[in-house]
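Fair warning: this is a prediction, and the values are worked out from it, not measured in the lab. Each chain gets a letter, A, B and so on, in the order the sequences are listed, and its residues count up from 1.
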Number of protein chains: 2
Amino acid sequence: MGVAERKAKEKEELRALILNAAKDLFAEKGIDQTTIRSIAKEIEYSVGTVYLYFKDKNQILHELHSEGFLKLAKEMRTLFHVSDPMERLKALGRTYMSFALENTQMYDLMFNMRAPMEFVKEQEEQNWHEGSNAFDALRNTVKECMDQGYFKGHSLQPLSFTIWSCVHGMCSLYIRERVKGATGQDPEKLLYDAFEDFLLMLVKR
Amino acid sequence: MGVAERKAKEKEELRALILNAAKDLFAEKGIDQTTIRSIAKEIEYSVGTVYLYFKDKNQILHELHSEGFLKLAKEMRTLFHVSDPMERLKALGRTYMSFALENTQMYDLMFNMRAPMEFVKEQEEQNWHEGSNAFDALRNTVKECMDQGYFKGHSLQPLSFTIWSCVHGMCSLYIRERVKGATGQDPEKLLYDAFEDFLLMLVKR
DNA sequence: CAAATTTAGTGAACATTGTTCAAAATATCA
DNA sequence: TGATATTTTGAACAATGTTCACTAAATTTG
């Protein structure tokens, strides 16, 4: 079907156009400043059109959050070749933190904002694939470390969550602007130092 | 001045009435659902009146955030009698986490929301007293631990920040509903286990 | 005490948001 | 070409934060 096929492609293209406009806008102006109207204006369509392709704003934010996870996974995948699990774990942390610092709006959307989770809740299978896949990847690496004798006396699941929490906490405090005010230090520098400090803590047997 | 005095008191009372209504409303309905109109309705005054006592919504949220810090500080102060610094550090962490779990909206306001920080930014002395006092208290205890031989090879400032980040990360992931979806586990239980796991990690010399 | 002045409070109105939907424009097909 | 189906539009709605001309009350003054 030549026509139907082309139409489907065009629909996909407009959908992608909306998503890209949204992504650009909120990397530029921030998520809060990115309105449906501003997206519509950017692509030179009307507000109504956006709602033909997306149920609501939550869906748009959810799709962008998924894109964020794809990007993060891609960056993490380059570390699979590191055979020493502890080295890989450290590298994962570093990559995670760099991602957060270089894509603050995206990170915020993925791990702090309510919108994408609201969308997940509305789905029949209320499964947060993106989150559980990411956590699985972390846990697998932690498991390998444990098999090599690291983390004696710890349990896999809580330990993995603790590691995630620690790095997330740093990134989150940074993105939500609590670091400078509380510590009086240059945030980027402190985050870097604290991360190294954390690695030191991890590596103790 | 009898009259001026009474007036000042009445002003203070209405101010407090507004703040209390706001606090009740958002512990009950959540911060996002607490509008200026709902506050005005609650105290049976008009919207305009609220704006006679507060510059804007950010100011209301900032004052409540300060109240939150007072409450947290109060709970922490009960631990000053613990003389062993490492025991005190652990207890501080436990208290911090309990506070977050029992006052989720308040915690979110204090450490995640943008509004109170926007207000701080607008002040001439852009100092986040609440945050720096809290961090100082933590750092002092960490310092005492180091003096007792804990945390060899670590530096005070980054280590203190790491500890804060870790506990904050757990609380934040919980409050922003990322825990269940990513780990597939009961969030409260995991938070509890992970915190114990973290203490284990801290205590290694 | 009555008038003038100051202070406190009101709520309609505005701008901005997400969202909807009847109508218009465009594309497809017979 | 004309009928039908699809796509797009943008005015309109509800909810929100915010403002401000007005009213009401309290206080001061002569």
Among the candidates [options], find the nucleotide nearest to the side-chain atoms of [X].
| X | options | answer |
| --- | --- | --- |
| A:R37 | C:dT17, D:dG17, D:dT9 | C:dT17 |
| B:T35 | C:dT17, C:dT10, D:dG17 | D:dG17 |
| A:L52 | D:dT16, C:dT19, D:dT9 | D:dT9 |
| B:V47 | D:dT18, D:dT9, D:dG10 | D:dT18 |

Separation of [N] [atom2] from [X] [atom1] (nearest whole Å):
| X | N | atom1 | atom2 | result |
| --- | --- | --- | --- | --- |
| B:I36 | C:dT16 | CD1 | P | 18 Å |
| B:I18 | C:dA8 | CD1 | C1' | 12 Å |
| A:Q59 | C:dG18 | CD | C1' | 15 Å |
| A:K57 | C:dT20 | NZ | C1' | 17 Å |
| A:I60 | C:dT17 | CD1 | C1' | 14 Å |

From CA spacing to verdict: side-chain hydrogen bond (donor to acceptor under 3.5 Å, both in side chains), B:N112, B:S172: CA-CA 8 Å; B:N112 279 322; B:S172 218; 3.0 Å; yes

Kindly indicate whether the side chain of A:T162, heavy atoms from C-beta on, has any atom under 4.5 Å from the side chain of A:H154.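 With C-beta onward as the side chain, the pair stays apart.
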
Short side-chain N/O contact to D:dT18 OP1/OP2 from B:Y51, under 4.0 Å: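 So the side-chain polar atoms of B:Y51 do come within 4.0 Å of the phosphate oxygens OP1 or OP2 of D:dT18, strictly under.
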
Can you check whether B:Y53 has a side-chain N or O nearer than 4.0 Å to OP1 or OP2 of C:dG9?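 True: B:Y53 side-chain N/O within range (under 4.0 Å) of C:dG9 OP1/OP2.
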
Verify side-chain hydrogen bond (donor to acceptor under 3.5 Å, both in side chains) between A:Y107 and A:E102, making sure each step is shown before the conclusion. CA-CA 9 Å; A:Y107 185 88; A:E102 287 161 22; over 6 Å; no

So, A:E196 and A:R94, do they make that salt bridge, N to O below 4.0 Å?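 The answer is yes: the pair qualifies as a salt bridge.
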
Which residue lies more 5' along DNA chain D, comparing B:Q33 with A:S46 via nearest heavy atoms: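 Looking at DNA chain D, the more 5' nearest nucleotide goes with A:S46.
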
